[in-house]
Amino acid sequence: MDINGNEFKEMVMRIVRQVLQEQQHSARRLYIIFEDSFDVRYDTFLRSLTGDYEICAVVPDHWLGSPLAQRITASCTCCKLIGRTASVNLSAADSLTVYPVASRSGIVKAALGICDTFETRWFQRCLSAGAEVRIVLSGLEPFTGNEPEPYRERILSYYRILLTYDVWIGSWDPREEVPDARFQALPGENHDTLRVPAACVSGRQIITAADAAGYAAGSKVSIPEGTIITALAQERAAEKDIQFVTR
């Protein structure tokens with residue numbers, strides 16, 4: 001059967017469109033959770049995104065159709081905006097949720113299981129669905145250095161609680177290599193970071209999924225007695241045939 005140039009071109013375009021649609025459907029969904037007020041750090045985060053994900057920005061309803069919505073789509077052209085009301089129909093299963101900016105009060109509530117804001121209710125949905133959650137380190141509220149030491153230690157304890165939930169605090173992109181998965185960077189004075197063992201909750205070490213990902217397959221890992229191994233870390237260890245041996 002003879003095919004002229006136009007028919008051949010149309011056939012190729014149909015194939016290309018089909019491939020692109022299949023890639024879009026197979027892409028992992030990335031939810032970006034916005035707080036009630038816009039922060040300039042959202043701009044930086046949005047510009048770092050690529051089309052590797054199916055990106056959904058979940059925003060306050062009154063942002064839709066506003067200059068803020070235009071600002072978001074200008075920074076990330078592949079981003080789809082969804083209002084909070086409509087987000088109840090979204091599935092968190094097999095997704096990645098990122099909080100580019102997270103208030104200190106939001107961190108505390110998430111750690112304590114208090115769900116009285118949209119952000120914390122979404123956080124609970126993710127945990128219930130077994131979905132991955134990442135909190136961007138640069139979006140956390142830093143200490144000023146003037147806080148009483150007991151206050152600072154209490155706030156840091158809430159970050160550590162989130163680590164036990166297998167919430168990642170650091171870079172948003174799970175494909176980026178972690179130099180040392182045993183440590184997480186937490187906000188310190190003067191917008192620097194205070195590096196704290198992911199482990200220190202009541203003096204006990206914690207093994208997270210990130211830790212398990214860093215161990216060689218089939219290895220035996222010596223851990224102190226009383227070490228906490230999170231549920232997701234146990235799954236990752238089983239997948240890689242990793243054994244934890246109490247010393």
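- For residues 98-108, there are no salt bridge (Lys or Arg N to Asp or Glu O under 4.0 Å) pairs, not counting sequence neighbours.
- Looking at Ser219, its side chain never comes within 3.5 Å of a backbone N or O of Val221 through a donor-acceptor pair.
- Applying the side chain to side chain donor-acceptor pair (under 3.5 Å) test to residues at least two apart or on different chains, the pairs with a partner in residues 90-100 are Thr97-Trp122.
- Between Thr144 and Glu147, the side chains place a donor N or O and an acceptor N or O closer than 3.5 Å (distance only, hydrogens not considered).
- By the 4.5 Å heavy-atom criterion applied to side chains, Val133 and Phe123 are counted as neighbours.
- Listed by chain and number, the residues in a side-chain hydrogen bond (donor to acceptor under 3.5 Å, both in side chains) with Ser75 amount to none (sequence neighbours excluded).
- In terms of heavy-atom proximity, Val88 sits nearest to Arg125 at CA-NH1, 3.9 Å.
- Remark: side-chain polar atoms of Thr73 are paired, donor with acceptor, to backbone N or O of Ala69 under 3.5 angstrom.
- Distance check, rounded to the nearest 0.5 Å: CZ of Arg154 to CZ of Arg152 gives 15.0 Å.
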Give the intermediate values and the outcome of side-chain contact (heavy atoms from CB on, under 4.5 Å) for residues Gln124 and Ser128.
CA-CA 6 Å; Gln124 183 187 51; Ser128 299; 4.2 Å; yes
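- Rounding to the nearest 0.5 Å places SG of Cys56 at 6.0 Å from NZ of Lys80.
- Residue Ala57 comes nearest to Ile72 through the heavy atom pair CB-CG2, 4.5 Å, listed as atom of the first residue, atom of the second, then distance.
- Of all the heavy atoms in Val58 and Ser87, the pair that sits closest is CG1-CB, 3.9 Å.
- Proximity of Phe118 to Pro60: side-chain heavy atoms (C-beta onward) are nowhere separated by under 4.5 Å.
- Separation of atoms CZ (Arg29) and OH (Tyr53) is listed at 14.5 Å; rounding is to 0.5 Å.
- For Thr85, the side-chain hydrogen bond (donor to acceptor under 3.5 Å, both in side chains) criterion is met by Asp61, not counting sequence neighbours.
- For Ala233 against Ala212, the heavy-atom pair with the smallest separation is O-CB, 3.8 Å.
- Taking Phe34 as the reference, Tyr42, Trp63 meet the ring pair (Phe, Tyr, Trp, His ring centres under 6.0 Å) condition, with sequence neighbours excluded.
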What side-chain donor-acceptor pairs closer than 3.5 Å can you find for residues 105-112, not counting sequence neighbours?
from: Ser105; atom 1: OG; to: Ser103; atom 2: OG; distance (Å): 3.2
from: Lys109; atom 1: NZ; to: Asp116; atom 2: OD1; distance (Å): 3.2
from: Lys109; atom 1: NZ; to: Asp116; atom 2: OD2; distance (Å): 3.2

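- Residues passing the side-chain hydrogen bond (donor to acceptor under 3.5 Å, both in side chains) test with Asp39 are Arg41, sequence neighbours excluded.
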Decide yes or no on side-chain contact (heavy atoms from CB on, under 4.5 Å) for Val101 and Val136, but give the supporting numbers first.
CA-CA 7 Å; Val101 176; Val136 179; over 6 Å; no
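- Every residue meeting the side chain to side chain contact (heavy atoms under 4.5 Å, CB included) condition with Lys220, not counting sequence neighbours, appears here in chain and number order: Gln243, Val245.
- The structure places CD of Glu119 at 5.0 Å from CD of Glu35, a figure rounded to the nearest 0.5 Å.
- Considering only residues two or more places apart in sequence or on other chains, Cys76 meets the side chain to side chain contact (heavy atoms under 4.5 Å, CB included) condition with Leu46, Leu49, Ile55, Cys78, Cys79.
- If you take CD1 on Ile169 and OH on Tyr159, they are separated by 7.0 Å, rounding to the nearest 0.5 Å.
- For Arg71, the side-chain hydrogen bond (donor to acceptor under 3.5 Å, both in side chains) partners at least two apart in sequence or on another chain are Asp43.
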Given side-chain contact (heavy atoms from CB on, under 4.5 Å), test Ile114 with Thr120 step by step and report yes or no.
CA-CA 7 Å; Ile114 300 173; Thr120 53; 6.0 Å; no
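- Taking the side chain as every heavy atom from C-beta outward, Ile223 and Ile229 approach each other to under 4.5 Å.
- Side-chain contact between Ile33 and Val98 is absent, with no heavy atoms from C-beta onward closer than 4.5 Å.
- You'll find the side chain of Ile207 reaches within 4.5 Å of the side chain of Phe244, heavy atoms only.
- Residue pairs satisfying the salt bridge (Lys or Arg N to Asp or Glu O under 4.0 Å) criterion with at least one member in residues 227-242, sequence neighbours excluded, are listed as follows: Arg236-Glu239.
- In this structure, Leu90 and Tyr31 have side chains that are in contact, with non-hydrogen atoms separated by less than 4.5 Å.
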Given the rule in the side-chain contact (heavy atoms from CB on, under 4.5 Å) test, do Arg28 and Leu96 qualify, once you have shown the distances and angles that lead to the verdict?
CA-CA 8 Å; Arg28 187 181 186 189; Leu96 167 62; 3.7 Å; yes
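- For the residue pair Tyr158/Arg160, the side-chain donor-acceptor check at 3.5 Å is not satisfied.
- For Pro148, the side chain to side chain contact (heavy atoms under 4.5 Å, CB included) criterion is met by Pro150, Tyr151, not counting sequence neighbours.
- Going from atom CD1 of Ile82 over to atom CD1 of Ile32 covers 10.5 Å, rounded to the nearest 0.5 Å.
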